[in-house]
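A short write-up of the structure that comes next.
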Amino acid sequence: MEKVFWDCPDFSLSQTLECGQCFRYQKEEDDCYTVICGQRVVTLGQEGGSIVFYGGGDIPFWKGYFDGDRSYGEIKQRLCNDDPIMAEAVSFAPGIRILRQEFFEMLISFILSQNNHIPRIRGLIQRLCREYGMPVKGDFYSFPTPIQLSHVSEEAYRSIGCGFRSRYMVDAVDKVLAGGFSTEELEKLSTDALRQRLMSICGVGQKVADCILLFSFGRYEVFPTDVWINRVFSHVYCAGEKLSPKELQKSAAERFGEDAGFAQQYLFHYGRKMKIGKE
DNA sequence: ATCCAGGATCTCC
DNA sequence: GGAGATCATGGA
């Protein structure tokens, strides 16, 4: 099989895919991963510092997906300078990069994420794709488009396990199909305006909106604040004192500035894996 | 088994 | 505008 090598610094395939930002990958043998985005599917591995594409595919697209042009070395240096705690979080998973994922996938995925475990979110999305997406390759299905979901009822979402989130799903698809939610239109908006637009969808609060801002629109200054980041942040920066989400975001903005989104992902992954602040 | 999850909403004051 | 209950489900 054709192998194409890509030397991308500060990049670990496993850390980037498994740090919680992405739900559409599957681990294969020999530490390879199959990743799906839209209609595209690719199998990748890592040999030393090089990423290996197996079987070609749209390599320029995937380099963009993995944010290949950004210097994460500089970001990490800014974050870790004079911050030993962040240095520890970064050294725990120095190969995390923030993926550039598709808007509608992120919208639906993070609506389904609320009050839910990551393993279960993945299962939900897998069922959604199997049920309403198109077969792409083997057992992999594309993420359903808004049109493919346009006829799906609340009861149908309930039957695949979406639970109380089912009515949010219907509202999200309806609003996207009604217009004003194309990627081209949305990416012109300021971060605050875009957040407000996203939050006009029922079931999208600030946290879900911020995940979409960070993982789909590259708004790297946002700091998605969930239960984990709450625990970690209060534990490592506030001597265990809990802050309100508003206070926490203000503090994170002062501390990390334009790099807050990157900081969030390093901290989130570190805190979740180390169970920091639990028990 | 029973707890809890990458929260949002509704209701109450 | 903030605190508290409620929401479905299944992985751990």
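Since the structure is predicted, the reported quantities are computational estimates derived from the model, not experimental observations. Values below: every heavy atom of this structure, side chains too, minus hydrogens, waters and symmetry copies.
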Item to check | For B:dT11, the Watson-Crick or wobble partner whose two distances fall under 3.5 Å | outcome: C:dA3
Next on the checklist: Measuring only between side-chain heavy atoms, which start at C-beta, is A:Val35 closer than 4.5 Å to A:Arg24?
Outcome noted: no
Checklist entry - So, do A:Gln114 and A:Phe164 sit near enough that their side-chain heavy atoms are less than 4.5 Å apart? => result yes
Checklist entry - Of all the nucleotides listed (C:dT9, B:dG7, C:dA8), which has the minimum atom distance to the side chain of A:Arg165? => result C:dA8
Checklist entry - How many Å lie between CD on A:Gln126 and P on C:dG11, as a whole number? => result 11 Å
Checklist outcome for this item: A:Tyr168 OH to B:dC10 P, in whole Å, measures 7 Å
Next on the checklist: Which label fits A:Tyr65 and A:Trp62: parallel for a plane angle under 30°, tilted from 30 to 60°, or perpendicular past 60°?
Outcome noted: perpendicular
Checklist outcome for this item: To the nearest angstrom, the CG-C1' distance between A:Asn116 and C:dA12 comes to 13 Å
Next on the checklist: Without decimals, in angstroms, what is the distance between A:His117 NE2 and C:dA12 P?
Outcome noted: 9 Å
Checklist entry - Between B:dG7, C:dG11, B:dT9, which one does the side chain of A:Phe164 approach most closely? => result B:dG7
Checklist outcome for this item: Looking only at B:dG7, C:dA12, B:dA5, the nucleotide nearest the A:Pro119 side chain is C:dA12
Next on the checklist: What is the distance, to the nearest angstrom, from the CD1 atom on A:Ile121 to the P atom on C:dA8?
Outcome noted: 18 Å
Checklist entry - Closest to the A:Arg158 side chain: B:dA5, C:dA8, B:dA8? => result C:dA8
Item to check | Between P of B:dA5 and NZ of A:Lys275, the distance in whole Å | outcome: 10 Å
Checklist outcome for this item: What one should report as the nearest heavy-atom pair of A:Ser142 and A:Val136 is N-CG2, 3.4 Å
Checklist entry - A:Arg167 side chain: which of B:dC10, B:dA8, C:dC7 is closest? => result B:dC10
Next on the checklist: What is the separation between atom CZ on A:Phe268 and atom C1' on B:dA5, rounded to the nearest whole Å?
Outcome noted: 10 Å
